[in-house]
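Any value given below was found using the heavy atoms of this structure, including those in side chains, with hydrogens, waters and symmetry copies removed. Heads up: numbering here begins at 1 and tracks the sequence.
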Amino acid sequence: MDLNVSGIYKITSESQGKCYIGSSIHIRKRWATHRCELRGNYHRNRYLQNVYNKHGMDDLTFEVIMTCEPEQLLVFEEQQIQAHNSFHEGLNLVETPTASMLGYKHSKEALAKMSKAA
């Protein structure tokens, strides 16, 4: 499947059988960001970071669950978090996503920090 799409994705820890559900307007770029943050040990999701620190990148599998229009991301992400029970028994930190990164711009300070950590 082409990763240059908008949609919902799943990252699964093979050793733990737990998953993280996320959404993005550009899935390929978001997966690259996840990998960079995990390798830099500054991923905002402490559960995902702990799995990476313990088992490494080879333990994580990435797959696109569905594609959708950007305006539908939060609705479908919430549905998939519930369907995979990834809040109660998985790696998601929130049960109901309330904000999209759509249009979000990092500050210069945040960009410099991410660049330094990478």
Side-chain angles (χ1 to χ4, degrees):
M1 173 177 272
D2 181 20
L3 294 181
N4 289 319
V5 294
S6 169
I8 312 304
Y9 61 88
K10 178 171 76 166
I11 301 172
T12 304
S13 166
E14 296 300 324
S15 65
Q16 298 196 357
K18 296 181 178 184
C19 70
Y20 169 87
I21 302 295
S23 66
S24 177
I25 61 169
H26 194 283
I27 291 177
R28 177 186 303 270
K29 188 174 181 180
R30 183 67 186 116
W31 177 225
T33 300
H34 277 296
R35 292 189 315 254
C36 181
E37 290 175 356
L38 290 167
R39 288 183 182 119
N41 199 32
Y42 63 92
H43 198 283
R44 76 182 95 204
N45 183 309
R46 65 186 181 278
Y47 299 145
L48 199 54
Q49 186 68 62
N50 288 341
V51 167
Y52 172 82
N53 290 348
K54 185 173 183 180
H55 301 286
M57 191 61 73
D58 289 341
D59 185 56
L60 301 175
T61 58
F62 180 87
E63 64 183 295
V64 176
I65 298 174
M66 65 183 295
T67 60
C68 64
E69 295 300 317
E71 300 78 29
Q72 301 170 309
L73 288 172
L74 294 180
V75 171
F76 287 128
E77 181 179 5
E78 181 176 357
Q79 288 175 356
Q80 291 300 316
I81 288 170
Q82 292 172 2
H84 290 86
N85 201 18
S86 63
F87 173 69
H88 294 289
E89 296 182 13
L91 303 172
N92 281 84
L93 296 175
V94 297
E95 187 170 19
T96 306
T98 57
S100 170
M101 294 299 281
L102 183 62
Y104 180 80
K105 300 288 185 196
H106 290 287
S107 69
K108 289 181 181 179
E109 295 80 14
L111 290 170
K113 184 176 181 181
M114 287 187 283
S115 178
K116 183 179 179 184

Do [X] and [Y] make a side-chain contact, defined as non-hydrogen atoms from C-beta onward lying under 4.5 Å apart?
| X | Y | answer |
| --- | --- | --- |
| R39 | M57 | yes |
| K10 | H84 | yes |
| E69 | Q72 | yes |
| I11 | W31 | yes |
| L91 | V51 | yes |
| I27 | R30 | no |

Inset, instruction - Would you sort out whether Q79 and E77 count as a side chain to side chain contact (heavy atoms under 4.5 Å, CB included), showing the intermediate values? - result: CA-CA 5 Å; Q79 288 175 356; E77 181 179 5; over 6 Å; no
Inset, instruction - Consider only side-chain heavy atoms of I, L, V, M, F, W and Y, link residues closer than 4.5 Å, and tell whether V94 and V75 are in one cluster. - result: no
Measure the spacing between [atom1] of [X] and [atom2] of [Y] and express it to the nearest 0.5 Å.
| X | Y | atom1 | atom2 | value |
| --- | --- | --- | --- | --- |
| Q80 | I65 | CD | CD1 | 4.5 Å |
| F76 | T67 | CZ | OG1 | 9.5 Å |
| Q82 | T96 | CD | OG1 | 6.5 Å |
| N92 | Y47 | CG | OH | 10.0 Å |
| I21 | E78 | CD1 | CD | 12.5 Å |

Flag, side chain of [X] to backbone of [Y], donor-acceptor distance under 3.5 Å:
| X | Y | answer |
| --- | --- | --- |
| D59 | S13 | no |
| E89 | S86 | no |
| H43 | N45 | yes |

Inset, instruction - Locate the shortest heavy-atom distance separating L73 from C68; write the atom from each residue and the value. - result: CD2-SG, 3.6 Å
Legend entry - Which residues share a side-chain contact (heavy atoms from CB on, under 4.5 Å) with D58, sequence neighbours left out: none
Legend entry - Any donor-acceptor N or O pair under 3.5 Å, side chains Q49, N53: yes
Legend entry - Residue pair E14 / H55, side-chain donor-acceptor N/O under 3.5 Å: no
Inset, instruction - For Y9, check ring pair (Phe, Tyr, Trp, His ring centres under 6.0 Å) against everything at least two apart and list the hits. - result: H34, F62
Inset, instruction - Flag yes if more than 12 heavy atoms outside E63 fall under 6.0 Å of its CD atom; otherwise flag no. - result: yes
Legend entry - Check against side chain to side chain contact (heavy atoms under 4.5 Å, CB included), L60 and T12: CA-CA 5 Å; L60 301 175; T12 304; over 6 Å; no
